[in-house]
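Report on one structure; see the data block that follows.
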Protein chains: 2
Amino acid sequence: MLRPQPSDIEIAQAATLQKLIPLASRRLGIPEDELSPYGHYKAKLSLQHIASLKARPNGHLVLVTAITPTPPGEGKTTTTVGLGDGLNLIGKNTIICLREPSLGPCFGMKGGAAGGGHAQVVPMEDINLHFTGDFHAIALANNLLAALIDNHIHHGNALEIDQRRISWKRVVDMNDRALRDIVVALGGPGNGYPRQDGFDIVVASEVMAILCLANSLTDLKRRLGSIVIGYTSDNQPVTACQLQADGAMAALLKDALAPNLVQTLGGNLAFIHGGPFANIAHGCNSVMATQAALKLADYVVTEAGFGADLGAEKFIDIKCRKAGLRPSAAVLVATVRALQYHGGADPKLASSATLNTLRKGLANLDRHVENVRTHYGLPCIVSINRFSSDTPDEIALIEAHCAALDVRCVLATHWSDGGAGAQDLAHAVVAACESGAAQTGFLYDDNLGLLDKIRTVATKIYRAAEVTADPKVLSQLSEWEALGYRHLPVCIAKTQYSFSTDPKLRAAPSGHTLNVREVRLAAGAEFIVAVCGDIMTMPGLPKAPSAQRIDVDGQGRISGLF
Amino acid sequence: MLRPQPSDIEIAQAATLQKLIPLASRRLGIPEDELSPYGHYKAKLSLQHIASLKARPNGHLVLVTAITPTPPGEGKTTTTVGLGDGLNLIGKNTIICLREPSLGPCFGMKGGAAGGGHAQVVPMEDINLHFTGDFHAIALANNLLAALIDNHIHHGNALEIDQRRISWKRVVDMNDRALRDIVVALGGPGNGYPRQDGFDIVVASEVMAILCLANSLTDLKRRLGSIVIGYTSDNQPVTACQLQADGAMAALLKDALAPNLVQTLGGNLAFIHGGPFANIAHGCNSVMATQAALKLADYVVTEAGFGADLGAEKFIDIKCRKAGLRPSAAVLVATVRALQYHGGADPKLASSATLNTLRKGLANLDRHVENVRTHYGLPCIVSINRFSSDTPDEIALIEAHCAALDVRCVLATHWSDGGAGAQDLAHAVVAACESGAAQTGFLYDDNLGLLDKIRTVATKIYRAAEVTADPKVLSQLSEWEALGYRHLPVCIAKTQYSFSTDPKLRAAPSGHTLNVREVRLAAGAEFIVAVCGDIMTMPGLPKAPSAQRIDVDGQGRISGLF
């Protein structure tokens with residue numbers, strides 16, 4: 001682990017890839033004609049083939065989640081890829097399911113997002129840039145609906161849409177703060193009726209959440225038609241179906257609904273499909289991909305956004321509930337560095353990262369372990385994503401602590417060693433899955449009122465003492481219940497950096513107040529969003545964006561991603 | 001020709017397609033690995049392979065152009081496809097080169113744009129919807145530059161860009177009039193500096209014109225860097241290169257630069273690549289595609305936008321001049337119906353379409369024939385796109401008229417008969433090409449001043465008596481000449497419905513005035529746009545847009561395109 005390691009893009013570009021369609025056909029038994037190629041190393045699996053697999057038994061579904069995120073990151077995607085390679089290495093036929101990275105942030109701070117080190121999905125440049133065009137299709141479908149709204153109003157507004165109450169925004173896959181708050185349709189009668197508007201980044205579109213929750217093209221179209229774009233002057237919801245937008249939107253999304261297959265550096269298969277925000281949406285890859293993978297493999301390793309309080313909760317209460325999925329185990333990713341941060345260490349001050357701060361930070365791990373085991377009903381394995389700077393004392397402390405909690409703790413070195421570095425983790429995961437200990441239930445019942453659902457998540461998972469909300473929020477929830485949306489699950493958008501709504505409260509705060517600032521109806525995605533804090537749906541670029549470093553040479557070789 | 005014919009999409013969906021990569025490999029001798037598949041029926045030809053063909057001789061380049069367009073259309077794309085199939089049928093190895101249709105207009109009036117009847121390129125649904133993602137890549141590259149401009153100003157504006165003089169707009173591939181004229185960056189200091197802005201449709205982006213004129217990835221990046229996005233407060237141009245945007249833009253466009261191959265209903269190969277506007281840009285498919293096709297086939301049939309006054313002139317004076325292309329012949333498409341329209345017939349009044357209106361309308365044909373032969377130096381063949389309603393008298397009149405002009409006139413029925421209906425046309429084209437009569441020159445010399453270039457096109461081709469312009473326009477042209485842009489060709493944006501700037505003046509007006517209302521610098525595309533009249537760079541949707549009819553069923557079958 002101390003050997004110097006090249007950058008992610010250098011490792012990825014040095015790899016010899018196998019042609020994907022023969023690989024997938026041989027490994028998964030998929031007829032080659034059911035795979036639609038996008039170049040030689042990416043393919044989409046046909047919806048027809050997925051439908052034909054229905055009668056097969058499901059493999060084990062393993063969720064990779066994490067402690068409360070810290071600024072430097074914990075390596076959840078890297079662990080997901082490493083674990084998948086590790087499981088294949090110990091003889092378990094395994095497919096990985098990940099989200100597609102958003103293109104916009106590549107040009108900002110992040111560089112790419114396809115794992116790291118020797119635990120990556122490839123071709124990483126393609127995955128990080130346009131991939132198979134899914135996000136472009138989502139943006140177009142979203143923006144077609146937007147154009148149809150303003151066009152309907154321009155041509156007489158037969159549906160009597162109240163221009164002040166349109167909630168549907170346009171989207172672009174770009175970090176572009178200038179588009180957050182705009183006025184459209186200026187310039188005279190030929191250009192429509194002026195109104196205040198704004199763009200979100202494409203991953204924040206409800207169309208993205210819909211694509212990720214739909215289980216067929218028919219279900220996709222039904223959900224698109226159910227989108228509520230705003231309200232009439234007498235406060236009735238107006239749907240995409242009323243604007244006759246659903247057919248064309250579904251036509252634009254027909255190919256995007258088919259899951260994308262790529263390979264890992266270990267030569268194993270990964271679905272990378274869909275990428276909804278983890279705050280105002282549920283933050284998981286598509287149901288189509290997960291369901292296909294469960295039919296095609298004995299083990300499916302997937303991840304959910306943010307920590308186990310947010311991502312795993314939405315994975316269970318939104319995705320698994322709606323898609324009928326039953327995970328077998330959860331892996332909770334942590335790092336020494338992140339636990340020290342939760343114990344109060346200052347990332348800029350090396351001397352503040354002591355055994356004592358580590359000991360204090362373990363409170364965060366404990367809380368997540370308890371949530372996973374008690375509230376999500378899953379066997380939990382703690383995976384320490386090892387860094388070369390970790391000391392034996394630090395590792396010993398975590399191991400002793402986990403032993404006392406009776407939770408399995410495994411060290412993983414996939415970042416430097418690929419799948420071989422995650423073999424211990426793979427064995428632990430197999431043991432947990434085969435134990436049959438999983439008893440997934442849901443946190444709340446469909447029939448509970450919307451506010452009570454929010455309260456249940458807040459008190460059980462976040463350990464808040466109470467939930468508050470403006471009368472306006474409360475009456476909005478009541479109105480939606482009266483309109484028939486009471487049965488929907490809730491999707492809580494809050495800071496990912498704390499169990500509370502204060503990102504500075506590290507470790508395991510409790511007794512705080514969760515204030516619901518705003519609620520949003522995602523009638524097509526079929527959940528209610530409760531916004532608790534400042535949630536940014538259109539990021540900006542930093543002063544020196546990575547776009548200025550990204551380049552391509554005359555031979556088409558890309559540099560500057562990472 | 002009187003038999004009832006199914007719709008375009010029905011014909012296209014009933015066809016049995018061949019897998020594209022084996023087809024292209026067998027027919028054109030391309031190694032399979034040099035073709036990157038997008039599904040089974042679309043592929044991109046690698047830039048490396050195109051570069052490797054350099055030493056081969058060029059085939060004959062045939063331009064399909066048309067008389068002055070009329071509202072019902074003349075069938076230029078259909079003729080291009082039919083002629084290509086016809087040439088292959090008579091034993092000439094031929095490739096077709098077309099523009100990619102824009103997605104936005106599909107949802108408005110037009111339905112699809114991939115030929116018609118039995119002269120189509122397929123798969124038509126894919127070609128009309130996302131195709132291989134080129135337009136999405138262009139939109140992203142365009143919008144990345146826009147985001148970098150506002151981001152640069154937000155973070156201190158070191159380049160001292162004058163916010164009031166930014167000419168770079170954002171784009172979307174959607175007919176969305178509400179985005180024509182907007183105010184961005186409202187909402188406070190976190191969102192940047194408010195300014196007036198607007199969106200164009202993606203085909204109007206200068207990035208589209210650049211992609212279509214670049215002859216390598218290196219040339220593409222150089223052109224992207226040369227884009228002038230606006231001016232500093234002391235009136236100096238600011239380029240994309242100064243914003244360090246060119247590398248990332250080129251990285252986004254790396255795959256888009258490789259030409260797309262598909263097949264015709266006749267089983268022949270067609271490049272469909274790039275689709276710049278024909279008014280504010282040059283309106284031709286990419287140089288990469290045309291150059292590759294000329295190396296791979298004996299005949300290449302391509303088309304240019306609008307009539308022979310606009311599209312063919314830009315094809316010659318912009319595309320051929322810059323890419324070193326030498327066409328061998330031109331086909332001028334006309335219909336009885338369109339000629340009658342030019343003779344004064346009212347399209348809504350069948351009785352107004354007489355032999356007399358036809359006779360008067362032939363003046364439009366004469367003018368184009370003269371321009372093609374005299375000014376473009378090309379052998380000209382008139383192709384009558386036959387309709388079942390055409391009478392023998394009407395056909396006889398046109399044939400006699402062409403005979404008197406000493407121009408070959410051929411009847412073509414590819415719409416109903418496929419390539420077999422264009423065999424006579426194919427033979428005529430071969431004779432013209434083999435005659436060696438082509439003597440392409442250009443209308444003006446690079447060294448002529450910008451205003452004199454505009455005047456040359458206006459007087460020689462449009463037969464205008466004079467060119468007028470505001471002093472502001474004149475001083476702008478002088479400034480650009482002083483900045484080193486004097487050598488660029490000019491691209492005149494005017495109505496396509498008349499030789500004059502008045503769309504109501506049909507047939508062959510002369511002695512009119514061409515008023516240059518505005519000039520624009522496309523420093524990366526390397527031409528100066530002279531705007532003469534109202535040019536719409538963001539269309540709107542009609543009251544009942546075709547989006548409301550487009551649909552997809554549970555099996556993924558699309559309907560409502562046409």
Side-chain angles (χ1 to χ4, degrees), chain A residues 36-40 47-48 103 107 129-130 133 136-137 140 143-144 146-148 150-151 154-156 172-187 190-192 216-218 221 244-245 247-248 250-252 254-255 540-541 543 545 547-548 550-552 554 556 558 560, chain B residues 36-40 47 103 107 129-130 133 136-137 140 143-144 146-148 150-151 154-156 172-187 190-192 216-218 221 244-245 247-248 250-252 254-255 540-541 543 545 547-548 550-552 554-556 558 560:
Chain A
S36 185
Y38 283 69
H40 296 293
L47 301 179
Q48 285 73 15
L103 207 157
F107 298 115
L129 295 180
H130 307 287
H136 296 319
L140 253 286
N143 293 344
L144 173 61
L148 288 171
D150 281 302
N151 192 57
H154 178 70
H155 285 294
V172 65
D173 200 3
M174 190 59 65
N175 288 13
D176 193 347
R177 69 171 66 73
L179 292 177
R180 282 175 192 153
D181 193 346
I182 67 178
V183 172
V184 298
L186 298 170
N191 295 351
S216 70
L217 199 45
T218 307
K221 194 159 77 179
Q244 295 166 263
L252 281 171
K254 160 181 91 77
D255 294 332
L541 292 169
K543 182 158 187 176
Q548 297 181 333
I550 293 172
D551 202 359
V552 61
I558 286 177
Chain B
S36 186
Y38 284 69
H40 296 293
L47 301 178
L103 207 157
F107 298 116
L129 296 180
H130 307 288
H136 297 320
L140 253 287
N143 292 344
L144 172 61
L148 288 171
D150 282 302
N151 191 58
H154 178 71
H155 286 293
V172 65
D173 200 4
M174 190 59 65
N175 289 12
D176 192 347
R177 69 171 66 72
L179 293 177
R180 283 176 192 153
D181 193 347
I182 67 178
V183 173
V184 299
L186 298 170
N191 294 350
S216 70
L217 198 45
T218 306
K221 195 160 75 179
Q244 294 167 262
L252 281 171
K254 158 179 94 73
D255 295 332
L541 292 169
K543 182 158 188 177
Q548 296 180 334
I550 293 172
D551 202 0
V552 61
Q555 275 62 52
I558 286 178

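Within every chain, numbering begins at 1; the chains are lettered A, B, ... in the order of the sequence lines, protein sequences first and strands thereafter.
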Passing option when B:Leu179 is tested against A:Val184, A:Asn191, A:Asn143 for side chain to side chain contact (heavy atoms under 4.5 Å, CB included)
A:Val184

Find the one option among A:Asn175, A:Val172, A:Val183 whose heavy-atom pairs under 4.5 Å with chain B are most numerous.
A:Val183

Select one option (side chain, backbone, both, neither) describing which atoms of A:Pro545 are under 4.5 Å from chain B's heavy atoms.
side chain

Among B:Ser36, B:Gly247, B:Pro37, B:Ala248, who wins on heavy-atom pairs under 4.5 Å with chain A?
B:Pro37

With no hydrogens and no angle check, is any side-chain donor or acceptor of A:Arg180 less than 3.5 Å from a backbone partner on B:Gly190?
yes

Greatest number of non-hydrogen atom pairs under 4.5 angstrom with chain A, of B:Leu140, B:Leu541, B:Asp150, B:Asp255, falls to B:Leu541

Looking at B:Val552, B:Asp181, B:Ile182, B:Asp551, which makes the most heavy-atom pairs under 4.5 Å with chain A?
B:Asp181

Please classify the contact of A:Leu217 with chain B as side chain, backbone, both or neither, using a heavy-atom distance under 4.5 Å.
side chain

Flag the one option from A:Gly133, A:Gly39, A:Gly554 with the top tally of heavy-atom pairs under 4.5 Å to chain B.
A:Gly39

In terms of heavy-atom pairs under 4.5 Å with chain B, which of A:Gly156, A:Gly556, A:Ala250 leads?
A:Gly556

For chain B, find which of A:Gln244, A:Arg177, A:Gln548 contributes the most heavy-atom pairs closer than 4.5 angstrom.
A:Arg177

Which atoms of B:Ala245 are under 4.5 Å from chain A, going by heavy atoms: the side chain, the backbone, both sets, or neither?
neither

Can you tell which part of A:Ile558 gets under 4.5 Å to a heavy atom of chain B, answering side chain, backbone, both or neither?
side chain

Top contributor to chain B contacts, counting heavy-atom pairs under 4.5 Å, from A:Leu47, A:Thr218, A:Leu144:
A:Leu144

If I measure from the heavy atoms of chain B, does A:Lys543 come under 4.5 Å with its side chain, its backbone, both, or neither?
both

If I measure from the heavy atoms of chain B, does A:Ala547 come under 4.5 Å with its side chain, its backbone, both, or neither?
both

Counting heavy-atom pairs closer than 4.5 Å to chain B, which one of A:Ala146, A:Gly192, A:Ala178, A:Gly540 comes out on top?
A:Ala178

If we only count heavy atoms from C-beta on, is the A:Phe107 to B:Leu252 side-chain gap below 4.5 Å?
yes

Please classify the contact of A:Gln48 with chain B as side chain, backbone, both or neither, using a heavy-atom distance under 4.5 Å.
side chain

